[in-house]
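Structure first, then comments.
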Protein chains: 2
Amino acid sequence: MDKLFKALNDPTRRAILEQLRGKEMSAGDIAGCFTVSKPTISHHLDLLKQAGLILAEKRGQFIIYSLNTSVLEECFAWLLKMTEKKKGSAL
Amino acid sequence: MDKLFKALNDPTRRAILEQLRGKEMSAGDIAGCFTVSKPTISHHLDLLKQAGLILAEKRGQFIIYSLNTSVLEECFAWLLKMTEKKKGSAL
DNA sequence: TCGATATTTAGATAATAATCTAAATACAAA
DNA sequence: TTTGTATTTAGATTATTATCTAAATATCGA
C-alpha cells in the first residue's frame, strides 16, 4: 500500500502509466515521451515495477513495459472504505 | 490532483483520515491517537486541508476537523480511467 | 569480434518532506 | 487581567526523493 501510493505520488510516473494504457512500450519509447533523462525514467520505471504497477519483459536488446492495473484494486478498496458511511455513525 | 496524491502518500495522514471516519475530532484528539508531536500532526492536518480532504471549523478554543471525501472522486476517476480498457486497444 | 544501440547502475547534488523543540497566538475561565 | 489549555508558526535538522552525468552491462548486426 505504501509503495503503491508512493509510486502514484509523482506526476511523471502517473504520466508513464497513462502512456502505457492500451499499449506496450520499450524503456526508450517511454523516455522519448518525456524531457527528463533516460536514467531518471529508468528510476521511475523501477519504482513503478516495485509497486507492481508495471511488468517488464526483456525482448532482445529491448525491455518492454506493460501496465498492470490489478494492484490498483487495493487502492480502490481503501478509497471505497473512506467514502463509505461508517456503521453506527451519524456522518 | 498533485496535492491529493501527495496528501495520501503519507501513512500518518492516511491514518488521520481513517480516524476521522464517522466522527469529528479536535486537533488535540487527533494528536492523541499518534506518537508524533502535536506540531507534526498540525502540519499533516494542514496538508490534508490543502488537499481538501478535511474541513476545519473553529469552536471556541478548539479546532474541529471532519472528513471531506468528495475530493476523492477525482482520485477515483483517475484510477477508473487507468483500469478501463482503452478504446481501439488490444490490451 | 567490433561498434552501435538499449538500458541500467553508480555516485553526486539539489529540492522536498517529516520531524522535533521552542515560541507565538487565541481563547476560556477564574 | 492573569493563568492555563489548544493549536499553530518558526526555525532547525534529518531523511527521502528527483534529477543529472558518467560509466557499466547486455544485445544486436556488420
Side-chain angles (χ1 to χ4, degrees), chain A residues 1-20 23-68 71-72 75 78, chain B residues 1-20 23-68 71-72 75 78:
Chain A
M1 188 80 149
D2 237 42
K3 278 189 177 176
L4 191 51
F5 276 112
K6 196 176 298 287
L8 295 175
N9 189 29
D10 185 89
T12 301
R13 286 195 291 272
R14 289 198 301 274
I16 289 173
L17 294 177
E18 289 173 10
Q19 281 293 331
L20 245 20
K23 61 176 182 297
E24 299 179 328
M25 294 172 87
S26 72
D29 288 342
I30 295 169
C33 300
F34 300 93
T35 55
V36 295
S37 72
K38 286 178 184 182
T40 296
I41 293 294
S42 184
H43 175 241
H44 284 314
L45 290 171
D46 185 45
L47 293 184
L48 289 170
K49 195 167 57 174
Q50 276 184 50
L53 284 162
I54 59 174
L55 302 170
E57 187 193 342
K58 183 145 201 170
R59 286 187 206 155
Q61 68 194 134
F62 300 91
I63 298 179
I64 305 297
Y65 287 95
S66 59
L67 199 55
N68 175 40
V71 297
L72 288 177
C75 198
W78 188 85
Chain B
M1 187 79 147
D2 238 41
K3 278 190 178 178
L4 191 51
F5 276 111
K6 195 175 301 285
L8 295 177
N9 189 28
D10 185 88
T12 300
R13 287 194 289 271
R14 289 197 301 275
I16 289 174
L17 294 177
E18 290 174 9
Q19 281 293 330
L20 245 23
K23 61 177 182 295
E24 300 179 328
M25 293 172 86
S26 72
D29 287 342
I30 295 169
C33 300
F34 300 93
T35 56
V36 293
S37 72
K38 285 176 183 183
T40 296
I41 292 294
S42 184
H43 175 241
H44 284 313
L45 290 171
D46 185 45
L47 294 183
L48 289 169
K49 194 168 58 176
Q50 277 185 49
L53 284 162
I54 59 175
L55 302 170
E57 186 194 342
K58 185 145 200 173
R59 286 188 205 154
Q61 70 194 130
F62 299 92
I63 298 178
I64 305 297
Y65 287 95
S66 59
L67 201 54
N68 175 39
V71 295
L72 288 177
C75 198
W78 188 86

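We name chains A, B, ... by the order of the sequence lines, and we start the count at 1 in each one.
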Steps toward side-chain contact (heavy atoms from CB on, under 4.5 Å) verdict (A:Arg59, A:Glu24): CA-CA 12 Å; A:Arg59 286 187 206 155; A:Glu24 299 179 328; 3.2 Å; yes
Can we say B:Arg13 and B:Asp46 salt-bridge, meaning some charged N sits less than 4.0 Å from an Asp/Glu carboxylate O?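 Salt bridge: no.
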Basic-acidic side-chain contact under 4.0 Å: B:Arg14, A:Asp2: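 Yes, charged N to carboxylate O under 4.0 Å.
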Between [N] and [X], is there an OP1 or OP2 to side-chain N/O distance shorter than 4.0 Å?
X       : N      : result
A:Arg59 : C:dA6  : no
B:Thr40 : C:dT19 : no
A:Ser42 : C:dT7  : no

Return yes if some donor-acceptor pair links the side-chain N/O of B:Asn68 with the main-chain N/O of B:Gly52 below 3.5 Å, else return no.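 Yes; judged by distance alone, with no hydrogens or angles, the pair exists.
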Donor-acceptor under 3.5 Å (B:Asn9 side chain, A:Lys6 main chain):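 Yes, B:Asn9 side chain to A:Lys6 backbone: donor-acceptor pair under 3.5 Å.
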Which residue lies more 5' along DNA chain D, comparing A:Lys6 with B:Ser26 via nearest heavy atoms: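 Upstream on the strand: B:Ser26.
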So which nucleotide from [options] ends up closest to the side chain of [X]?
X       : options                : value
B:Val36 : C:dT19, D:dT8, C:dA18  : C:dT19
A:Pro39 : D:dA10, D:dT5, D:dT21  : D:dT21
A:Tyr65 : C:dA18, C:dT7, D:dC20  : C:dT7
B:His44 : C:dA18, C:dT7, D:dT9   : C:dA18
A:Lys58 : D:dA26, C:dT21, D:dT7  : D:dA26
B:His43 : D:dT27, C:dT19, D:dT19 : C:dT19
A:Gln61 : C:dA28, D:dT19, C:dA6  : C:dA6
B:Leu45 : D:dA18, C:dT21, D:dT8  : D:dT8

Rounded distance (Å) that lies between atom [atom2] of [N] and atom [atom1] of [X]:
X       : N      : atom1 : atom2 : answer
B:Leu48 : C:dA17 : CG    : P     : 14 Å
B:Asp46 : C:dA17 : CG    : P     : 13 Å
B:Phe34 : C:dT19 : CZ    : C1'   : 15 Å
A:Met25 : C:dA6  : CE    : C1'   : 15 Å
A:Ile63 : C:dT9  : CD1   : P     : 8 Å
A:Asp10 : C:dA17 : CG    : P     : 11 Å
B:Asn9  : C:dA17 : CG    : P     : 10 Å
B:Lys38 : C:dA22 : NZ    : P     : 15 Å

Would you indicate what A:Ile30 reaches in the nucleic acid, counting non-hydrogen atoms under 4.0 angstrom: base, sugar-phosphate, or nothing?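 Nothing, no nucleic acid heavy atom in range.
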Counting heavy atoms not belonging to B:Lys23, are there more than 12 under 6.0 Å from its NZ?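 For B:Lys23, atom NZ is crowded (more than 12 foreign heavy atoms under 6.0 Å).
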Considering heavy-atom distances to DNA chain C, does B:Thr12 or A:Ile41 have its closest nucleotide positioned more toward the 5' end?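 It is A:Ile41 whose nearest nucleotide is closer to the 5' end.
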